[in-house]
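What follows is a set of notes on a single structure, which appears directly below.
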There are 2 protein chains.
Amino acid sequence: MTDELDLVFRALADPSRRFLLDLLFARDGRTQTELESELAMTRFGVAKHLKVLEEAGLVVTRRSGREKLHFLNPVPIRQIHDRWIDKYTEQHVTALIDLKRTLEEEP
Amino acid sequence: MTDELDLVFRALADPSRRFLLDLLFARDGRTQTELESELAMTRFGVAKHLKVLEEAGLVVTRRSGREKLHFLNPVPIRQIHDRWIDKYTEQHVTALIDLKRTLEEEP
DNA sequence: TTGACAGGTGACCAAATGGTCACCTAAATT
DNA sequence: AATTTAGGTGACCATTTGGTCACCTGTCAA
């Protein structure tokens, strides 16, 4: 009943971790210390979250001296998408979302 | 720190719920009883999972007499995708995944 | 070389989660 | 009308999870 993407889904379940992904989506290559300052949490909590994201493959890291740089990896996100949206449905869905966005912009 | 897609991410975190989505992806419009038979769990557990999926908007339902029909809604999945993959990156990522798939097919 | 800085580990605790059960309502069947 | 069938509710329990802390290693700078 468990699958290979299990770690990815579990990683995405927490709002703090999604916020970390947002930060890395906005700007890649940040250190852990740099990311800590953005969360209302001790560095231990942030470190734990980054570890979960890294083990899920959503974040990849590179060591540079005593620093650890973090990068967003979008591949697992796309795999989630492809699991429940086939190439045919994709067009309808994106059209729907664009429509929704348009409607919300002009009230 | 919490966002509107919170329910969607939390719903996707559980393997049983993802399996239910797989079932509905394969064939829509099933009743709860029909779905129960596919899970190694009492009907109460399945009902709870379906409720979580419905509240997240991943599943929409329609009543028909005493039956409740379930349908997969792909829109939230696409929204997850769009959050961390911009139109430009999308091309690279899909190309990467296609490449990976090709390589795994021919060993 | 001494101290400051970046990061890692394991234990620990409160809160959330998955699953079951006793009990309920409403629709279909006989 | 009586029974079966589809589904819903709230309490309950075991396990998992998010977060903190004391303590550790390795790297850079004065």
Side-chain angles (χ1 to χ4, degrees), chain A residues 1-24 27-72, chain B residues 1-24 27-72:
Chain A
M1 195 74 59
T2 179
D3 53 72
E4 58 189 22
L5 276 180
D6 186 61
L7 291 176
V8 177
F9 286 107
R10 293 226 326 270
L12 290 176
D14 183 83
S16 300
R17 288 194 287 268
R18 293 196 296 275
F19 182 62
L20 285 169
L21 292 183
D22 289 337
L23 291 174
L24 294 177
R27 183 163 51 84
D28 254 338
R30 306 204 215 189
T31 69
Q32 179 178 304
T33 316
E34 203 174 346
L35 293 167
E36 282 161 19
S37 62
E38 306 275 354
L39 279 276
M41 185 186 306
T42 64
R43 71 182 181 88
F44 305 101
V46 178
K48 240 182 189 177
H49 285 310
L50 286 174
K51 190 183 177 191
V52 172
L53 288 170
E54 191 175 354
E55 287 175 345
L58 284 161
V59 163
V60 290
T61 60
R62 184 162 54 83
R63 274 222 156 264
S64 165
R66 62 180 166 181
E67 292 183 335
K68 194 175 180 184
L69 307 180
H70 297 75
F71 302 85
L72 175 64
Chain B
M1 195 76 58
T2 180
D3 52 73
E4 57 189 23
L5 278 180
D6 187 62
L7 292 175
V8 177
F9 287 107
R10 293 226 324 272
L12 290 175
D14 182 83
S16 300
R17 286 194 289 266
R18 294 196 297 274
F19 182 62
L20 284 169
L21 291 183
D22 289 337
L23 291 174
L24 294 178
R27 182 163 51 84
D28 253 338
R30 305 204 215 189
T31 69
Q32 179 178 304
T33 316
E34 203 174 345
L35 292 167
E36 281 161 20
S37 62
E38 307 274 353
L39 279 276
M41 185 185 308
T42 64
R43 70 183 181 88
F44 305 101
V46 178
K48 240 182 188 178
H49 285 309
L50 286 174
K51 190 182 176 192
V52 172
L53 289 170
E54 191 175 354
E55 287 175 345
L58 285 161
V59 163
V60 290
T61 60
R62 182 162 55 83
R63 274 221 156 263
S64 165
R66 62 179 169 185
E67 292 183 336
K68 193 176 179 183
L69 307 180
H70 297 74
F71 301 85
L72 175 64

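Lettering follows sequence order; numbering is per chain, from 1.
Between B/F19 and B/E38, the shortest heavy-atom distance links the atoms CE2-O, 3.5 Å. Looking at every heavy atom in both residues, B/E55 comes nearest to B/L7 through O-CD1, 3.7 Å. Minimum interatomic distance between A/R30 and A/L23 (heavy atoms only, all atoms of both residues): NH2-O, 3.0 Å.
Among the heavy atoms of the strands lying under 4.0 Å from A/G45 is at least one base atom, whether or not backbone atoms are also near. Counting any heavy atom pair closer than 4.0 Å across all strands shown, B/R43 reaches a base atom.
As rounded to whole Å, 16 Å separates atom P of D/dT27 from atom CD of A/Q32. Taking atom CG of residue B/L39 and atom C1' of nucleotide D/dG7, one finds them 16 Å apart after rounding to whole Å. The interatomic distance linking A/K68 (NZ) with D/dT27 (P) rounds to 14 Å, in whole Å. What separates CD of A/E55 from C1' of C/dG8 is a distance of 13 Å, to the nearest Å. One atom, CZ of B/R10, and another, C1' of D/dT17, lie 13 Å apart when rounded to the nearest Å. Atom CG in B/D6 sits roughly 9 Å away from atom P in C/dT17 (whole-Å rounding). Atom CG of B/L12 and atom P of C/dG18 are 12 Å apart (whole Å). Whole-Å rounding puts the A/R18 CZ to D/dG18 C1' distance at 14 Å.
Nearest to the side chain of A/R66, among C/dG19, C/dA4, D/dT20, sits C/dA4. Of the listed nucleotides (D/dG7, D/dG18, C/dG7), D/dG18 has the atom at the smallest distance from the side chain of A/K48. Listed nucleotides: D/dG7, C/dG8, C/dG18. Nearest to the side chain of B/D14: C/dG18. Among the nucleotides D/dG18, C/dG19, D/dC21, the one closest to any side-chain atom of A/H49 is D/dG18. Relative to the side chain of B/R17, the nucleotides C/dG18, C/dG8, D/dT9 differ in distance, and C/dG18 lies closest.
Taking 4.5 Å as the limit, some side-chain heavy atom of A/T31 sits within range of a side-chain heavy atom of A/L69.
Close to D/dG19, at under 4.0 Å from its OP1 or OP2, lies no side-chain N or O of A/T42.
For A/R63 and D/dG26, a side-chain-to-base donor-acceptor distance below 3.5 Å is absent, hydrogens and geometry of angles not being considered.
With the nearest nucleotide of DNA chain C identified for both A/L69 and B/V46, A/L69 has the one nearer the 5' end.
Across B/L53, B/L20, B/V52, a single residue satisfies side-chain contact (heavy atoms from CB on, under 4.5 Å) together with B/V59, and that is B/L53.
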